[in-house]
Amino acid sequence: VGGLGDVCYWLAGDTQEKEGILPERAEEAKLKAKYPSLGQKPGGSDFLMKRLQKGQKYFDSGDYNMAKAKMKNKQLPSAGPDKNLVTGDHIPTPQDLPQRKSSLVTSKLAGGQVE
Amino acid sequence: MKCFSRYLPYIFRPPNTILSSSCHTEADIISTVEFNHTGELLATGDKGGRVVIFQREQESKNQVHRRGEYNVYSTFQSHEPEFDYLKSLEIEEKINKIRWLPQQNAAYFLLSTNDKTVKLWKVSERDKRPEGYNLKDEEGRLRDPATITTLRVPVLRPMDLMVEATPRRVFANAHTYHINSISVNSDYETYMSADDLRINLWNFEITNQSFNIVDIKPANMEELTEVITAAEFHPHHCNTFVYSSSKGTIRLCDMRAPALCDRHTKFFEEPEDPSNRSFFSEIISSISDVKFSHSGRYIMTRDYLTVKVWDLNMENRPIETYQVHDYLRSKLCSLYENDCIFDKFECVWNGSDSVIMTGSYNNFFRMFDRNTKRDVTLEASRENSKPRAILKPRKVCVGGKRRKDEISVDSLDFSKKILHTAWHPSENIIAVAATNNLYIFQDKVN
């Protein structure tokens, strides 16, 4: 019963050589190049806190009910946007803005992680 | 890496119809699939909080070559969206898990859960109705007593089969965090529900109380390092259960001695070579599903890139590791950016524990034969699902030269993910959920 434990260890050797071999390390370097402020402790609290906090947050129950009503209206077939509509006609409200799914990478950038 | 090109003994044949909703909205996305204990019924839950139950046709002597197909048996709205006023958070109606209870009478019972509430549903048939009431007319309106001159006894007459689903129990307000698993105990009297930090034990008869059996919430939330990702009871030993974590470990607990099972009886963890560690290591080691084998001797875990089989008697490493889509290792950066790296794939055993199955991207799903060590990649798609055709194995090309039938890693559609699959308890029938479509494949009739 040799198993996979034995297979893993043949890669052991010079660490510099290994960074060239491991695709994960190359991917990590890519990610760090794009987002230099990405935290030191990747698997730590931030991921998990985001996971625990899953679900769309609303300002209050009124906000929630209005968003639900708007979704119901959206599901009805609607005409395309009026091309003659003058832009800048009204000040946008939070309801008008498209819902954007937040990703951890964006939130960290916005948060300005201090290294 | 070895490539197995020959497919398994089971050659799956696509059904005559693919069950899907005609108009695909977000609510139609299937979020769980589960056969009942006999395989006669197949339940699906979706993002819109609905449950659809399919029933297998009885095989008739006239149509020997047509195996029993699954037709819609019942559908009902299990959960509705709610609003948590204290936290100003929406509680999704999405059905996270469905688990069947073993059948004990003519009715069927199942548990369905969303993030916060578990419900016990009774699904029963009605094929007779009473007719000839004294005091009511045929529409049920009360008759004028002055017009009643004779006495008659109502009779039961056959009617068109009606299947009704009624909520029998609602188990609410026991979870602060999001429920990821439910599991029925082999004693058929209790079940557990697990969220990110806690596991509760319920009695089916009691809805206003549950026992907390695992609590991994740290006193200071800043010290949080891992969460519970899945949990399941042992199929035969009612005192034993396992739960998996986001750190890639599994804990087995015995409820006989301590009331609170925070200290595990067994701890399963594969040692990691520290020089292999990268930013992604912990994320891809997070276990998204854990399942006991039918025999109860093994557990299977699914992490982002592999499926592992563990022997309950050996805690220090798995006995088998299967690569699901190792070619994604060189795509981890973009998979992190588009959040796909957090996708939670499930895994299933076949009835004899000899084959395991799990999903992947591009509507591909994989099967591994534990005995012959062969594996196959199949696709759940309409083009490949002509009736009486055989599912053709697919292959992903990693390197330079791409053969005609192969697909390159860069062409994979990551929005087409197969997270949920199910295997009939005794036959070679599988259910594969591909977004809003449900594919049921059966093996070829000899």
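Lettering follows sequence order; numbering is per chain, from 1.
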Practice prompt. Could you tell me the separation between the CG atom of A:L31 and the CG atom of B:L332, rounded to the nearest 0.5 Å?
Written response: 9.5 Å
Response to the item:
The interface call for B:D115 against chain A, heavy-atom contacts under 4.5 Å, is side chain
Worksheet item: Quick one: does B:R329's side chain have a donor or acceptor within less than 3.5 Å of a partner on A:L22's backbone?
Response: no
Practice prompt. For the residue pair B:E337 and A:Y35, confirm or rule out a side-chain donor-acceptor distance under 3.5 Å.
Written response: yes
Worksheet item: What part of B:L197 gets closer than 4.5 Å to chain A, counting heavy atoms only: side chain, backbone, both or neither?
Response: side chain
Fill in: CG-CZ distance between B:N276 and A:R25, expressed to the nearest 0.5 angstrom
7.5 Å
Fill in: Qualifying residues under ring pair (Phe, Tyr, Trp, His ring centres under 6.0 Å), relative to B:F345, sequence neighbours excluded
B:H325, B:Y361
Worksheet entry | B:S334 OG to A:E27 CD distance, which is reported to the nearest 0.5 Å | 6.0 Å
Worksheet item: What part of B:E90 gets closer than 4.5 Å to chain A, counting heavy atoms only: side chain, backbone, both or neither?
Response: both
Practice prompt. Find the distance between NZ (A:K32) and SG (B:C333) and round it off to the nearest 0.5 Å.
Written response: 11.5 Å
Fill in: Side chain / backbone / both / neither for B:S330 at chain A, heavy atoms under 4.5 Å
both
Fill in: Contacting region of B:I91 [heavy-atom separation from chain A under 4.5 Å]
neither
Item to complete: Only counting residues at least two apart or in another chain, list the ones meeting ring pair (Phe, Tyr, Trp, His ring centres under 6.0 Å) with B:Y298.
Response: none
Item to complete: Would you check if the side chain of A:E28 reaches a backbone N or O of B:F279 as a donor-acceptor pair within less than 3.5 Å?
Response: yes
Item to complete: Taking heavy atoms only and a threshold strictly under 4.5 Å, list by residue number the residues of residues 172-182 of chain B that touch chain A; give 'none' if the list is empty.
Response: B:Y177, B:H178
Worksheet item: Are B:D84 and A:K57 side-chain neighbours, meaning at least one heavy-atom pair lies under 4.5 Å?
Response: no
Discussion item. Please enumerate all residues that pass ring pair (Phe, Tyr, Trp, His ring centres under 6.0 Å) together with A:F59, with sequence neighbours excluded.
Written reply: none
Worksheet entry | Non-hydrogen atoms of B:I228 and A:R51 that approach each other most closely | O-NH2, 4.3 Å
Discussion item. I need the B:F83 CZ to A:N65 CG distance, nearest 0.5 Å.
Written reply: 7.5 Å
